[in-house]
Amino acid sequence: MKRDFLTLWDLSKEEIDSLLKRALELKAGKDASKCPLIGRSIGLIFEKASTRTRVSFETGIYQLGGQPVYMNSKEIQLGRGETIADTAKTLSRYLSAIAIRTYEHTRIEEFASNATVPVINALTDLHHPCQALADLMTILEKKGKLKGIRLAYIGDGNNVANSLIEAASRMEINLAIACPEGYEPNADVLEKARENAKSEIIILREPREAAGMADVIYTDVWVSMGREKEADDRKKKFKNYQINSALLACAKKDTIVMHCLPAHRGEEITDEIIDGPHSVVFDQAENRLHAQKALLEFLLT
Ligand code: CP
Ligand code: NVA
């Protein structure tokens with residue numbers, strides 16, 4: 001049966017462990033010449049902008065011997081009203097897997113239920129699981145373990161936060177989220193993560209309280225794609241949630257700072273932090289490539 005990757009729950013802890021091990025091997029160049037996707041084409045449907053996800057998937061598929069087929073949704077019939085179901089059924093006849101970046105999470109669920117090939121979530125309004133895989137890989141690489149790590153997420157309870165919550169729950173990471181009232185992560189995501197968690201997942205208001213004991217401090221933009229109309233209001237509400245020198249002064253000396261990128265420098269994070277010694281953001285961005293190659297190998301071989 002085909003396996004989809006729509007949220008972190010689609011992989012067991014053991015599968016994530018072995019996928020991260022494989023991603024680290026691929027990064028180190030081990031078995032780099034294996035071409036499991038030879039003669040196969042992978043579709044990439046984007047309904048929103050992307051730099052990292054698009055390019056890491058395109059290059060990763062090429063490196064695995066396959067052909068990436070990029071589709072901007074405005075340029076295919078989906079953008080002119082062809083149904084999600086008909087698009088999924090048709091594309092399944094040509095492609096070996098399809099990654100999709102879209103708005104409502106229900107769109108990718110509908111696509112996946114009609115596709116006969118694996119469907120990968122390349123970001124929805126609710127989740128960003130490929131990002132979370134690369135984030136886990138980065139934490140493992142920098143800190144040598146996942147279990148028991150203290151992760152502080154400071155900012156908007158958005159798609160990236162939701163996937164981090166699921167990742168933390170699966171991998172026994174203690175997660176403290178500091179966000180303004182009204183900007184908490186999705187309640188259902190939080191409830192399921194807490195039910196399944198052996199670690200602590202808490203919501204706080206005070207960024208310093210979250211950052212104080214953290215091994216990892218993580219942030220993301222205050223205004224996600226599709227939320228542009230709320231920008232002015234959000235910038236006011238989030239102004240105390242910036243990752244800056246004052247916040248880092250309360251943190252552990254060896255804390256690492258992560259951001260999925262793109263960053264809005266001067267808003268959720270300052271230049272001195274993102275370009276400073278604690279920051280691992282470009283290693284994290286690189287790890288998108290290795291983690292997604294390991295994911296494609298896992299789903300397609
Ligand atoms: N982090 C991430 O998904 O970046 P892009 O929007 O550039 O793909
Ligand atoms: N939360 C951001 C992540 C971008 C990679 C957004 O959805 O725009």
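We count ligands from 1, going down the list as the structure has it; atoms in each ligand are counted the same way. Heavy-atom basis, side chains included; hydrogens, waters and symmetry copies ignored.
At least one N/O-N/O distance between L261 and ligand 1 falls below 3.5 Å. Below 3.5 Å of separation, one finds an N or O of D220 facing an N or O of ligand 2.
Between the side chains of E272 and S245, a donor-acceptor pair is found at a separation under 3.5 Å. Neither side chain, H264 nor E268, offers a donor N or O lying under 3.5 Å from an acceptor on the other.
In this structure, F238 has its ring center under 6.0 Å from that of Y183.
At the shortest separation from atom 8 (O) of ligand 2 among protein heavy atoms lies M225 N, 2.8 Å. Scanning all protein heavy atoms for the shortest distance to atom 4 (C) of ligand 2 gives L123 CD1, 3.9 Å.
Of the heavy atoms in R101, only side-chain atoms (C-beta onward) come closer than 4.0 Å to ligand 1. Of the heavy atoms in L123, none comes closer than 4.0 Å to ligand 1.
Here atom 5 (C) of ligand 2 lies nearest to L261 when heavy atoms of V221, D125, L261, N159 are compared. Around atom 4 (O) of ligand 1, the closest heavy atom drawn from H128, R54, R52 belongs to R52.
Residue T51 has at least one heavy-atom neighbour below 4.0 Å for each of these atoms of ligand 1: 5 (P), 7 (O), 8 (O). Close approach of ligand 1 to R288 (heavy-atom distance below 4.0 Å) involves ligand atoms 1 (N), 2 (C), 3 (O). Counting atoms of ligand 2 from 1 in the listed order, those under 4.0 Å from a heavy atom of N158 are 1 (N).
Here the CG-CG distance, from D135 to L164, works out to 5.5 Å after rounding to the nearest 0.5 Å. For the atom pair H278 NE2 and I243 CD1, the distance stands at 12.0 Å (nearest 0.5 Å).
The hydrophobic cluster containing L296 does not contain L95, counting ILVMFWY residues as joined when their side-chain heavy atoms lie under 4.5 angstrom apart, directly or transitively.
Classified by interplanar angle (parallel below 30°, tilted 30° to 60°, perpendicular above 60°), the ring pair F46/Y70 is tilted.
Atom CZ of R194 has more than 12 heavy atoms from other residues, nucleotides or ligands within 6.0 Å.
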